[in-house]
Amino acid sequence: MKKKIPLYVQIIIGMVIGLLWGLIAVQFKLEVFTIMWIKPWGTIFLNLLKLLAVPLIFVSLVKGISGLSNISKLSSMGLKTLALYIVSTVLAISIGLVLVNTIKPGKTFPVEKQSEYLEKFGANISDKQSAADVIREQSPLQFVVDMVPENIFHALTDNSKMLQVILFAILFAISMILLPSKKTEPVKRFIDSLNDIVLKLIDIIMLSAPYGVFALLAALVVDFSGDADLFTALGLYFLTVVLGLFILITVFYPIFLKIFVRKVKYMKFFRAVMPAQMVAFSTSSSAATLPVTMKQVTNEMGVDKDVANFVLPVGVTINMDGTSCYQAIAAVFIAQVFGIDLSIGQQLTIVLTALLASIGSPGVPGGSIVMLIIVLTSVGLPVEGLALILGIDRPLDMLRTVVNVTGDSSVSMIIAKSENQLDIEKLK
Ligand code: ASP
């Protein structure tokens, strides 16, 4: 009898073959073939996942919240979720700050590369800079204003407006709770059925995941092949970010889960979250990974659907531990390169702005770059510094997205445990 290879093993195989193919393509001049014939399959896979992000967020939030018995249950779960998201993000930023101040990667950055990179990548930042200028010139309350859509269809058509969709879904679901159940029954049934359909769609799309990640990674290696030089100059900065993300995954989350969930074997948690991590790595988007995260958290970690339906969609946009850790390191790195000493007060400002910036960053590839400009300017650092790190951002984006997704999954377990809605036996 043919034994079925588990999906996550298939995805790992796809990734490894993708990386190998990329290397072979660079060696044997198959770059054009790879970009013309393989890359599109990766893009198709990515689009399919993105396609599901908005319907999934809307349907799962409405289902999750309207399934709660009353508003006080929602506010208790909501407050707990928010508190955990903020605490984990602040700790992630602190880890980043400690590392970058200890390792000081900016001090070793070769001076001659400084002007070269500023020139090479400087042009790329002007539109990002004007986007950041617009944000900065607005009222401090503008980000709250931006959360409120004036037209739900506009919000639904833009993957970077997830917070607006979330707000609408929450209000919609709250109204459902407040009405007598007889009145909302048809919509409830409709949403339930829609939810099942979306979940089935995810199952179908995930069948193509091994091929999708193969194509994404093969194309990535080819796209990156000319930039080996960047890695040498920025090596220490790269390693500092990787170390920060590694500490989050191997030290921080195990302790976090131990404290709040207790009876959890981290290796089992890790195995369960791995398929989502791999999709996060290949797509650099926590929003695109949401369908997989949702599936893993409910099917393999024993988190109740109602909890996952609430915690994960919210986490996709507002909880980004990997991103915030990286933003802190990047800001101080740029200060070090330009020989600017940051006071304790300025470093605390980085904590605050990186927290807000990670909340404001959409879960899309490179989503945090515009927000990083806000962090830089909050402590008076030159925005041009961004040009130094832009060339090497993609691999770091892949890694921080892995952490972002792991953070959301951990918090969903903790909330489920606190709500008595965790079936730990499922974590095999
Ligand atoms: N790509 C990240 C995510 O989707 C966001 C970022 O750090 O740019 O989670």
Side-chain angles (χ1 to χ4, degrees), residues 1-18 37-64 156-157 159 162 165 169 189-220 271-306 308-313 315-316 363-365 398 401-402 405 408-409 412 426 428:
M1 203 182 82
K2 219 170 97 189
K3 221 166 137 223
K4 210 172 164 296
I5 307 173
L7 186 64
Y8 81 94
V9 180
Q10 292 183 33
I11 299 180
I12 295 183
I13 297 174
M15 286 173 78
V16 173
I17 301 182
W37 292 97
I38 296 183
K39 190 176 180 178
W41 298 105
T43 313
I44 291 173
F45 174 62
L46 191 59
N47 286 354
L48 285 172
L49 285 175
K50 285 190 197 157
L51 170 73
L52 286 185
V54 167
L56 183 64
I57 284 188
F58 182 75
V59 174
S60 54
L61 266 176
V62 173
K63 186 173 154 61
L156 290 170
T157 54
N159 275 356
M162 301 260 182
V165 178
R189 284 220 308 277
F190 174 69
I191 294 280
D192 278 352
S193 147
L194 207 57
N195 190 50
D196 288 342
I197 295 170
V198 173
L199 294 181
K200 188 71 227 144
L201 244 168
I202 294 169
D203 280 345
I204 298 171
I205 291 171
M206 281 310 287
L207 292 177
S208 67
Y211 309 98
V213 297
F214 158 77
L216 284 171
L217 288 188
L220 204 81
R271 185 142 14 106
V273 77
M274 209 152 125
Q277 290 177 328
M278 284 179 302
V279 174
F281 182 78
S282 323
T283 60
S284 284
S285 165
S286 26
T289 312
L290 180 65
V292 193
T293 320
M294 199 79 115
K295 197 164 163 247
Q296 293 308 113
V297 160
T298 48
N299 291 358
E300 315 232 343
M301 293 183 202
V303 173
D304 183 83
K305 285 208 172 80
D306 285 347
N309 280 346
F310 175 73
V311 177
L312 292 177
V316 157
V364 298
M398 296 158 80
T401 310
V402 169
V405 166
D408 295 344
S409 307
S412 75
K426 273 198 184 171
K428 287 192 285 296

Run the side-chain contact (heavy atoms from CB on, under 4.5 Å) check on Val311 and Asp408 step by step: do they pass? CA-CA 8 Å; Val311 177; Asp408 295 344; over 6 Å; no
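- With rounding to the nearest 0.5 Å, the separation of CG in Asn309 from CD1 in Ile57 is 11.5 Å.
- Minimum interatomic distance between Met294 and Ala308 (heavy atoms only, all atoms of both residues): SD-O, 3.9 Å.
- The minimum heavy-atom distance linking Ala287 with Ala53 is given by the pair O-CB, 3.7 Å.
- Remark: Ile191 CD1 to Lys63 NZ distance equals 9.5 Å, nearest 0.5 Å.
- Ser284 pairs by the side-chain hydrogen bond (donor to acceptor under 3.5 Å, both in side chains) definition with Arg394, not counting sequence neighbours.
- Minimum interatomic distance between Phe214 and Ile38 (heavy atoms only, all atoms of both residues): CE2-CG2, 3.9 Å.
- To the nearest 0.5 Å, atoms CD (Glu300) and CZ (Arg271) are separated by 9.5 Å.
- Judged by distance alone, the side chain of Ser285 and the main-chain N or O of Ala288 form a donor-acceptor pair under 3.5 Å.
- Contacts of Lys39 classified as side-chain hydrogen bond (donor to acceptor under 3.5 Å, both in side chains), with partners at least two apart in sequence or in another chain: Asp223.
- Applying the salt bridge (charged side-chain N to carboxylate O under 4.0 Å, His left out) test to residues at least two apart or on different chains, the pairs with a partner in residues 283-297 are Asp203-Lys295.
- Between atom CG of residue Leu48 and atom CD1 of residue Ile204 there is a gap of 10.5 Å, rounded to the nearest 0.5 Å.
- To the nearest 0.5 Å, the span separating CG on Leu199 from CG on Asn299 amounts to 8.5 Å.
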Which pairs would a plain distance check flag for residues 273-282, meaning a side-chain donor or acceptor within less than 3.5 Å of a matching protein atom at least two apart in sequence or in another chain?
residue, atom, partner, partner atom, Å
Gln277, NE2, Thr406, OG1, 2.9
Ser282, OG, Met278, O, 2.8

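- Scanning both residues, Leu312 and Ser412, for their nearest heavy atoms gives CD2-CB, 4.2 Å.
- The two residues Leu56 and Pro291 make their nearest non-hydrogen contact at CD2-CA, 3.5 Å.
- Asp196 meets the side-chain hydrogen bond (donor to acceptor under 3.5 Å, both in side chains) test with no other residue; sequence neighbours excluded.
- Inter-residue side-chain proximity for Ile13 and Pro210 is flagged as unmet; no heavy-atom pair is nearer than 4.5 Å.
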Residue pair Ile205, Phe45: steps toward the side-chain contact (heavy atoms from CB on, under 4.5 Å) verdict: CA-CA 8 Å; Ile205 291 171; Phe45 174 62; 4.3 Å; yes
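- The shortest heavy-atom contact between Leu7 and Met206 is CD1-O, 3.7 Å.
- In this structure, the separation between CG on Leu51 and CG on Leu46 is 11.0 Å, given to the nearest 0.5 Å.
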Stepwise, does the side-chain contact (heavy atoms from CB on, under 4.5 Å) test hold for Thr289 with Leu49? CA-CA 7 Å; Thr289 312; Leu49 285 175; 6.0 Å; no
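- Note on residues 41-52: no pairs pass side chain to side chain donor-acceptor pair (under 3.5 Å), not counting sequence neighbours.
- By the 4.5 Å heavy-atom criterion applied to side chains, Ser193 and Ile197 are counted as neighbours.
- Looking only at distances, no side-chain donor or acceptor of Gln296 sits under 3.5 Å from a matching main-chain atom of Met301.
- For the pair Val54/Thr157, no side-chain contact is recorded, criterion being any heavy-atom separation below 4.5 Å from C-beta on.
- Between Met398 and Leu220 there is a side-chain heavy-atom pair separated by less than 4.5 Å.
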